[in-house]
Number of protein chains: 2
Amino acid sequence: MRLFARKGYGSTSVADILQEAGVNAGSLYYLYPGKQDVLLDVLDSYLAGIQPMLLAPAWEGVSDPIERVFALLRRYRSALESTDCTYGCPIGSIALELHEPDPPVRARLAANFDAWVDAIEQCFVDAGDRLPPNTDRRALAVFALTTMEGGVMLSRTHRRLDDFDVAVGMLRAHVELLMVRT
Amino acid sequence: MRLFARKGYGSTSVADILQEAGVNAGSLYYLYPGKQDVLLDVLDSYLAGIQPMLLAPAWEGVSDPIERVFALLRRYRSALESTDCTYGCPIGSIALELHEPDPPVRARLAANFDAWVDAIEQCFVDAGDRLPPNTDRRALAVFALTTMEGGVMLSRTHRRLDDFDVAVGMLRAHVELLMVRT
DNA sequence: GTCTATAACCCGATAGAC
DNA sequence: GTCTATCGGGTTATAGAC
């Protein structure tokens, strides 16, 4: 998980994994048919960890549903900040690294995105009548994800937090415009 | 350019390039010191092509500056549509594929993003007083780029246009909310 | 289950003839 | 300038001892 996040899937060799794990080839291939199955396991772990490893820490002490959206985005900001903007979202990185069909991999990437969007959609649902009644809360959640992923991409490229902050700032402006107009 | 867009940089071998170009190794290495220099040249070509190859066709018959923003986004939608959502923005793909520092590559990716944002910023500037006077037009342009890149990422992963359309729809909603409030 | 050694292959890059 | 042939090294995966 650590290696795929830092170097991507293709640039991580099996030898890298063996060294990082302090294990020899025989052990890995005893557990996994091949390298791709390690990735599948990693992606399953991300999915299983969304609630306990991502949302729970991000939302500690934050009960307001709208603020929870931005508290989650702040987690990604912290990841960028603490790595000098070298990595943000590992799912997004692998998603754009994937060029072959690879259905099992893509299905798990999609499941991760879906779970993320589900959680944020629920925040906007919980916001209730603070948003106009006809608000498409699912669409807002998708928009939050595209904003985060796009912001991470630009910040990683420019090696500065600016673009991420600008994108999230615009998202907040949009949500606040919606709320004002209720 | 074609290969890097379809398969990414790492997954494109020099042999692939030679075959696609109908050329032998000696010729390529006579012109380029190595594979990475081919990428640099490709990225320079993208930059040089932004106006004639991307903006000009997108904006043919579209003079309204706000509509030009969405006409450009429609080009990316077409790219997704005509490839069954297998690729969208080649610059974004390479940007997230890049994990080493690689300053010369990153500088060119950044230059491509900057040129894109510059062009869209100019659209929002040209929109003049249709937007509130204190509108941060640069921020709006960055937001348009993150929306496109995030939308492409999700649509590629899900292999459907939905997420791209939702993200762009939200961006349009935001711009229209701004215009209504003038 | 874990080890070491290695098979089989593909990679980027080079040498040297023409 | 372009060709063919190949070098040296890294890749995933496997074989077989323990």
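Being a predicted model, the structure only gives us computed values, none of them experimental. Throughout, a chain's letter reflects where its sequence line sits, starting with A, and its residues are numbered from 1.
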Q | Phe143(B) and Phe143(A) aromatic centres sub-6.0 Å | A |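 When the ring centroids of Phe143(B) and Phe143(A) are compared, they turn out to be within the sub-6.0 Å range.
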Looking only at the side chain of [X] (C-beta and beyond, no hydrogens), which of the listed nucleotides [options] gets closest?
{"X": "Ser27(B)", "options": "dC3(D), dT12(D), dG12(C)", "answer": "dC3(D)"}
{"X": "Val23(A)", "options": "dA13(D), dC3(D), dC3(C)", "answer": "dC3(C)"}
{"X": "Lys35(B)", "options": "dA13(D), dG12(C), dT11(D)", "answer": "dG12(C)"}
{"X": "Ser13(B)", "options": "dA5(D), dA13(D), dG12(C)", "answer": "dG12(C)"}

Take the protein atom [atom1] of [X] and the nucleotide atom [atom2] of [N], then report the distance between them rounded to whole Å.
{"X": "Leu28(B)", "N": "dT14(C)", "atom1": "CG", "atom2": "C1'", "result": "13 Å"}
{"X": "Ile17(B)", "N": "dC11(C)", "atom1": "CD1", "atom2": "P", "result": "11 Å"}
{"X": "Gln19(A)", "N": "dC3(C)", "atom1": "CD", "atom2": "P", "result": "14 Å"}
{"X": "Tyr32(A)", "N": "dT12(D)", "atom1": "OH", "atom2": "C1'", "result": "17 Å"}
{"X": "Leu18(B)", "N": "dT14(C)", "atom1": "CG", "atom2": "P", "result": "14 Å"}

Q | Intermediate values then yes/no, side chain to side chain contact (heavy atoms under 4.5 Å, CB included), Cys85(B) and His158(B) | A | CA-CA 8 Å; Cys85(B) 293; His158(B) 284 123; over 6 Å; no
**Q.** Closest non-hydrogen atom pair between Leu96(A) and His99(A), with its separation
**A.**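 Looking at all heavy atoms of both residues, the closest pair is O-NE2, 3.4 Å.
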Q: Assign Thr12(B) to base, sugar-phosphate, or nothing according to its heavy-atom contacts below 4.0 angstrom with the strands shown.
A: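 Sugar-phosphate only.
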**Q.** First of Asn24(A) and Tyr30(A) reached from the 5' end of DNA chain C, by closest nucleotide
**A.**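 Counting from the 5' end, the first nearest nucleotide belongs to Tyr30(A).
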Q) Do any side-chain nitrogens or oxygens of Tyr29(A) fall under 4.0 Å of OP1 or OP2 in dA13(D)? A)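 It does, given that an N or O in the side chain of Tyr29(A) lies less than 4.0 Å from OP1 or OP2 of dA13(D).
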Q) Given that Ala25(A) and Asp16(A) both sit by DNA chain D, which one's nearest nucleotide is further toward the 5' end? A)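 It is Asp16(A), whose closest nucleotide lies nearer the 5' terminus.
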Q.
Under a 4.0 Å threshold between the charged nitrogen and the carboxylate oxygen, would Asp84(B) count as salt-bridged to Arg159(B)?
A.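 No, Arg159(B) and Asp84(B) are not salt-bridged.
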